[in-house]
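The block underneath contains the structure these notes are about, expressed in structure tokens.
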Amino acid sequence: MARVQPERWANQTEYLLSCLGYAVGIGNLWRFPYLCYRNGGGAFLIPYFLTLVICGIPLVYLETTLGQFASAGCISVFNINPLFKGAGYAVIVLNVIAVIYFSAIMSYPVLYIYHSLGSPLPWQTCGNPWNTDKCTEITGNSSFFLSNGTITTPEDEFFHLRLLRVSSGISEIGSIVWPVFWCNVICWIIIYLCICNGVKSVGKIVYFTVVFPYVVLCALFVRGITLPGAGKGILFYILPDWEQLMKPKVWVDAATQIFFSLGPGWGGLVSMASYNKFHYKNLRSSIIIPLVNSGTSVWAGFVVFSVLGFASERANVPVGQVATAGPGLAFVTYPATVTMMPAPNFWAVTFFVMLFFLGIDTMFVTIEAVITGLIDEFPRLRTRKRLITLLTCLALFGFSIICNTEGGLHVMELLDAHVAIACVPIVCALEIIAAVYTYGPRELSTDVMFMTGQPLARTWLVLWRYVLPFILLTITVYALKDATGMAGWCVAFVSVLCIPIHVVRQLLRSRGSVLDRFRENCRPNDQWGPADPDIRQEWIALKQKQKGDYALNNLCPSRI
């Protein structure tokens, strides 16, 4: 029985912008530039773009193809192989955990925007009530970037002591930091208002939230390259170190960055593609999205390192001692640099508004992936989608409060470092097994031809069958090497547990020998296929005709 026809994008521009907003996020700004300079500068672009072509684009194409063909979210898309449907539930758990800490991160730019309205900037000097005796301001001949623990910076103390009131460790959760809490509330109100009408509202919002950060990046780029020392920073960023290419970790870092920045395995791409018109030719957009995402990362590197070059010149230290990654770049190093620029309040507000919009797009799609996955699996909820959206946002907000505490930054760092390292590559591997191995390349090629009118090139099948499994295994092994402590391992595998639990449950509900149960559950169920009733009938007729032709060919080999 076919499922109810889901809502659709008003036009394909909305789909493209939503996927770009999902793929292009804070990581493009605070992670890629650091990885690039650390792994050989311009030489890093060789493994980066190579893995983009052989890993990133094929995964995006596979996920958008499956989501569009079945008009299904991250759970129902595994109707192609019901045994693996636990991977869909794993994605839901993964996204819930990710939203818990990511919404807290989105609170920080809101706080900084508020504090950037005053003059002088509160992180500009020591001598404030929250500063300690270790606080040392920037001068032309003193290097706080060489801090060995005996000194700290006003920017660092403002972020950790004034805004977050960070505790000594994750074992000390402490009380709620109310300014962070109320900014979290503001973020969730904005998120709900933007997604309450599903793709109808998200499709309109992304015209602004996706385009605006690019406008700001343009302004920051122009301002950055005109600053003294910008050239030194850019050269440090792109100057190739070819010897780095001999190190396996450089190639793993490139694959990991491509893998996690594009978002395959998170359910967002499947969810967004499920709202496409059935016959939309998704190959072109599946190439455009990764290319724009990677181009944005490279461009963001020029923006960041032009400003860091300026900071290193003013502080009289090497660029490498200024460059950091993660929250330290966005909330400590960049604010420190802004204080040295003319009109610091304007550039601070501009930067943090851009940071907010970069993150909010990712939140839209991540939450929509959770809601779409649940509604597709339980269609009776579709008529109450606005209520389901409200309840989902309230529940996720409640979970996120733990990251608004004094120990919240430690919780956030634990979750961010471990949540996806096992689940995401495993989910992608199961998608490949389900679509290419158990469903079959012949059936998949037929479905793509039926859906888009374009044949599926053998290149995609070769990459999916032989290249990507090896890359996914390598990424998983190297990522798990960085897991630390029992808490880290628990976070890494809590979502993955959904997969074996569902396998056992599915096999116990089946009949026959163990082998028969595996065979039966690895076949597509009755829910797999186009959601539109008319298109579904055409597809079923095509399948029956192909089976008849195949049987006839077996009887008459001369016709082959």
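- Nearest heavy-atom pair, Leu161 versus Trp130, reported as atom, atom and distance to 0.1 Å: CD1-O, 3.7 Å.
- A donor-acceptor pair under 3.5 Å links the side-chain atoms of Trp464 to the main chain of Pro58, judged by distance alone.
- Closest of all the heavy-atom pairs between Val110 and Cys183 is CG1-SG, 3.7 Å.
- Ring geometry, Tyr237 versus Phe32: the interplanar angle exceeds 60°, so the pair is classed perpendicular (tilted spans 30 to 60°).
- Nearest heavy atoms, Cys498 versus Ala90: CB-N, 3.8 Å.
- The aromatic rings of Phe302 and Phe221 lie perpendicular to each other, with more than 60° between the two planes, well past the 30° mark.
- Residues Tyr214 and Trp299 meet the side-chain proximity criterion, which asks for heavy atoms closer than 4.5 Å.
- Considering only heavy atoms from C-beta on, Leu163 stays 4.5 Å or farther from Val180 through its side chain.
- Looking at Thr209, its side chain never comes within 3.5 Å of a backbone N or O of Phe357 through a donor-acceptor pair.
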Could you go through the side chain to side chain contact (heavy atoms under 4.5 Å, CB included) check for Leu66 and Val270 one step at a time? CA-CA 7 Å; Leu66 296 176; Val270 173; 5.8 Å; no

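- Although no hydrogens or angles enter the test, the distance criterion places no donor-acceptor pair under 3.5 Å between the side chain of His160 and the main chain of Arg165.
- Taking the six-membered ring where the residue is Trp, Trp123 and Phe158 present tilted rings, their angle falling between 30° and 60°.
- The backbone N or O of Gly268 sits nowhere less than 3.5 Å from a side-chain atom of Ser271 that would complete a donor-acceptor pair.
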Can Ser18 and Val202 be said to form a side chain to side chain contact (heavy atoms under 4.5 Å, CB included), step by step? CA-CA 8 Å; Ser18 296; Val202 172; 4.0 Å; yes

Quick one: do Val411 and Ile173 satisfy side chain to side chain contact (heavy atoms under 4.5 Å, CB included)? Show the steps, please. CA-CA 9 Å; Val411 175; Ile173 295 298; 3.9 Å; yes

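- Side-chain atoms of Thr64 come within 3.5 Å of backbone atoms of Tyr61 as a donor-acceptor pair (strictly under, hydrogens ignored).
- How far CG of Leu468 is from SG of Cys428: 8.5 Å, rounded to the nearest 0.5 Å.
- Of the possible polar contacts, one joining the Thr366 side chain to the Thr362 backbone as a donor-acceptor pair under 3.5 Å is found.
- Counting heavy-atom neighbours within 6.0 Å of Tyr114 OH, excluding the residue itself, gives a total of 12 or less.
- In Phe212, the CZ atom is crowded: over 12 heavy atoms of neighbouring residues, nucleotides or ligands sit closer than 6.0 Å.
- If you look at Tyr108 and Phe331, their ring centroids are closer than 6.0 Å.
- No side-chain donor-acceptor contact under 3.5 Å links Thr372 to the backbone of Ala369.
- No donor-acceptor contact under 3.5 angstrom links the side chains of Tyr478 and Thr256, judged on distance only.
- Atom CG of Leu472 sits about 10.0 Å away from atom CG of Leu430, to the nearest 0.5 Å.
- Distance OG/Ser400 to CZ/Phe102: 13.0 Å, rounded to 0.5 Å.
- One distance of note links CZ of Phe351 with OG1 of Thr337; it measures 9.5 Å at 0.5 Å rounding.
- Here the NE2 atom belonging to His410 is positioned 6.5 Å from the OG atom belonging to Ser168, to the nearest 0.5 angstrom.
- The shortest side-chain heavy-atom distance between Phe346 and Thr350 falls under the 4.5 Å cut-off.
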Before you tell me yes or no, could you show the steps for Gln68 and Ser274 under side chain to side chain contact (heavy atoms under 4.5 Å, CB included), namely the whole-Å CA-CA distance, both residues' side-chain angles and the distance that decides it to 0.1 Å? CA-CA 4 Å; Gln68 179 178 315; Ser274 72; over 6 Å; no

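- Under the 30°/60° scheme for interplanar angles, the aromatic rings of Phe352 and Tyr112 are found to lie parallel.
- Contact record, Ala336 with Thr339: O-OG1, 2.6 Å, taken as the closest heavy-atom pair.
- Within the 4.5 Å cutoff, side-chain heavy atoms of Cys194 are placed close to those of Ile190.
- Ile401 is listed as a side-chain neighbour of Phe397, based on a closest heavy-atom distance under 4.5 Å.
- You'll find the side chain of Arg223 reaches within 4.5 Å of the side chain of Leu227, heavy atoms only.
- Using a 4.0 Å cut-off between charged nitrogen and carboxylate oxygen, Arg162 and Glu157 do not count as a salt-bridge pair.
- Taking each heavy atom of Gly203 and Glu14 in turn, the nearest pair found is O-CG, 3.3 Å.
- Considering only heavy atoms from C-beta on, Ile421 stays 4.5 Å or farther from Thr476 through its side chain.
- Shortest non-hydrogen contact noted between Asn28 and Pro33 is O-CD, 3.4 Å.
- In this structure, the side chains of Phe84 and Val77 stay at 4.5 Å or more apart for every pair of heavy atoms.
- Here CG of Leu414 is found 4.5 Å from CD1 of Ile170. Values are rounded to the nearest 0.5 Å.
- With hydrogens and angles disregarded, no donor-acceptor distance shorter than 3.5 Å links the side chain of Asn293 to the backbone of Ile289.
- A distance-only check finds no donor-acceptor pair linking the side chain of Tyr15 to the backbone of Met272 [under 3.5 Å].
- Asn184 contributes no side-chain N or O that, together with a main-chain N or O of Ser107, makes up a donor-acceptor pair within less than 3.5 Å.
- Under 3.5 Å, the side chains of Asn39 and Gln244 contain no donor-acceptor pair of N or O atoms.
- Residues in residues 415-436 take part in these side chain to side chain donor-acceptor pair (under 3.5 Å) pairs, two or more places apart or across chains: Tyr101-Asp416.
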